[in-house]
Amino acid sequence: MKQELVLYNSLNRKKETFKPIEEGYIGMYVCGPTVYSDVHLGNVRTFVSFDIIYRYLKYLGYTVRYVRNITDVGHLLDDGTDRISKGARAEKLEPMEVVQKYTLGFHDMMRIFNSEPPSIEPRASGHILEQIEMVQQILDNGLAYEKNGSVYFDVEKFAKEQDVYGKLSGRVIEDLFSETRELKNQGEKKHPADFAIWMKAAPDHLMRWNSPWSEGFPGWHLECSVMSTKYLGTTFDIHGGGNDLKFPHHENEVAQNFGACKCQPANFWLHTNMLLMNGRKMSKSDGNTISPEELFTGESPHVSQGYSPMVVRFFMLQTHYRSTMDLSDEALKASEKGYKRLMEARKTLQGFQAVQSASAGTVDEEISKLLDQALEHMSDDFNTPMALARMFEVVPKINGIRDGHIKAEELSAETLDRTKKVFDDFIFDIFGLQEEMASGKDGTTDGLMQLVIELRNHARSQKDWGTADKIRDTLKELEIQLKDAKGGDTTWVKA
RNA sequence: GGUCGGGUGGCCGAGCGGUUAGGCAGAGGUCUGCAAAACCUUGUACGGCGGUUCGAAUCCGCUCCCGACCUCCA
């Protein structure tokens with residue numbers, strides 16, 4: 001019944017047929033943001049990608065438990081200060097105020113991009129007890145050691161016991177171990193590749209909890225191991241995250257799970273690729289960056305105008321989640337046109353009435369085939385660019401029927417219904433796009449526009465081109481475009 | 001330096017042994033009072049050099065660029 005789904009699994013770098021652990025159910029964990037500053041567009045790309053994956057899995061009929069955490073503790077900066085408390089000192093806020101502020105900001109942005117909230121959004125700070133328990137388990141299993149109140153994962157021992165470490169990120173163990181460069185805070189570690197799972201807090205460290213080893217805080221990677229286990233079980237179906245988290249974060253996560261339960265946490269690992277701008281990595285340090293707000297308003301040297309969230313989302317759909325995505329003004333402009341064209345076609349399609357005497361002709365067959373292909377592409381590792389391409393091939397057919405080039409009788413009632421349904425399923429449910437009326441297209445506006453259009457059409461029928469064109473030109477200045485279809489129907493759209 | 005992933009037409013971006021990807025831009029046409037919109041037609045591109053093959057953008061080798069990761073990162 002369910003279509004076969006093929007996923008590219010980072011664990012072995014191959015596409016594999018997806019089989020859930022429990023038929024009909026999927027457990028998916030995605031590493032969420034660290035809430036210490038405003039959301040970065042790169043974060044948006046990752047979470048929009050997983051939003052589409054989540055939506056498609058549900059579309060296939062699975063019951064999905066989607067867990068995406070909020071990291072609000074334990075994430076270290078280069079200088080060893082905690083990210084959250086660093087932000088707090090700078091802004092003279094309680095750490096949890098910083099967390100709250102940026103968590104809300106993150107949620108707002110996800111909503112603006114029409115991303116569905118996850119089923120569970122656990123916070124690291126809310127799972128300190130569980131994290132302490134996991135540290136203990138790893139210690140009990142002999143894969144960690146305590147030193148001066150901090151606990152470190154024994155990577156060397158783990159690597160010797162099981163051929164797991166390095167597999168996910170493609171690291172060569174020998175290389176990792178022969179790493180000679182000097183790293184900070186290495187004094188307590190037995191081996192440079194070891195990493196902290198519990199850190200003793202320095203006297204001025206704000207966020208701290210009691211533990212059997214010291215008053216301190218959990219290591220960065222631990223929270224994900226703990227929360228995925230708590231809400232999805234020791235082994236679950238899909239684990240996702242940004243490409244840049246593969247190492248060390250995901251690698252260490254796998255190590256911790258093995259350390260605690262001796263099992264692989266996830267069967268499938270999905271990694272999204274990075275966002276570039278003008279061909280280069282988006283980076284704050286060299287000014288090659290743009291915030292979501294700047295993108296919306298157009299207040300940035302990198303864009304010539306503002307782009308709406310849905311245009312940006314559409315733009316993201318045109319690139320596969322595993323490819324780097326190159327943001328540029330020209331590419332966004334192209335997306336804006338494409339997005340509008342698709343949405344217009346969708347509206348046109350929904351207005352079609354089945355022709356009574358209709359019987360399946362060639363158009364019927366062609367459209368059906370394109371819809372099937374679009375779905376197949378989604379089941380092939382969520383190939384949204386391909387699926388979109390097939391949708392766009394249906395667009396001229398829709399417009400052709402509207403304009404009379406293509407005979408409506410050749411489209412059977414069944415196929416018309418299915419096309420309407422699949423189009424909406426794709427656009428709204430899978431791609432997560434939504435209609436965007438730039439500014440108040442409500443009942444009043446609609447009524448006014450209807451009146452204006454009637455007045456203009458009256459003028460046209462009187463060959464009063466002056467009046468007709470004045471209406472058209474003035475509306476254009478107000479960024480309202482009139483579209484005169486064949487047969488006299490005029491529609492309008494806010495540019 | 002190590003590991004991995006890329007270099008595709010004006011731009012973005014799929015494809016990964018033989019077929020038109022698709023979007024945007026451009027050109028010609030239809031329609032139209034004019035225009036816009038829409039529709040039709042149009043582009044033979046795959047970094048370079050070799051090789052394998054009946055056939056390569058797709059496989060192999062070399063080479064030149066670019067990006068990511070290598071304990072901050074979505």
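Quick note on labels: first sequence line is chain A, next is B, and so on, each numbered from 1.
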Between the base of [N] and the side chain of [X], is there any donor-acceptor pair under 3.5 Å?
X	N	answer
A:Arg402	B:A38	no
A:Arg341	B:C24	no
A:Asn243	B:G5	no
A:Asp484	B:A35	yes

So what does [X] touch, heavy atoms closer than 4.0 Å: a base, only the sugar-phosphate, or nothing?
X	value
A:Asn252	nothing
A:Ser49	nothing
A:Gly241	sugar-phosphate
A:Asp326	sugar-phosphate
A:Lys337	sugar-phosphate
A:Ala331	sugar-phosphate

Is A:Phe47 stacked on the base of B:A74, with ring centres under 5.5 Å apart and planes under 30° apart?
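Check failed, A:Phe47 does not stack on base of B:A74.
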
Is there side-chain contact between A:Phe47 and A:Thr272, with heavy atoms separated by less than 4.5 Å?
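They are not in side-chain contact.
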
Could you tell me which non-hydrogen atom of A:Phe352 sits nearest to which non-hydrogen atom of A:Arg402, and how far apart they are?
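Looks like CZ-N, 3.8 Å.
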
Of all heavy-atom pairs between A:Met227 and A:Tyr29, which one has the smallest distance, and what is that distance?
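Looking at all heavy atoms of both residues, the shortest contact is CE-OH, 3.9 Å.
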
Does A:Arg171 make a cation-pi contact with A:Phe247, if we ask for NZ or CZ under 6.0 Å from the ring centre and within 45° of the axis?
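Yes, a cation-pi geometry holds between A:Arg171 and A:Phe247.
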
Please give the distance between the C1' atoms of B:A21 and B:G9 as a whole number of Å.
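Taking atom C1' in both B:A21 and B:G9, they lie 13 Å apart.
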
Along RNA chain B (nearest heavy atom to each residue), the more 5'-positioned of A:Leu276 and A:Leu41
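Closer to the 5' end of RNA chain B: A:Leu276.
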
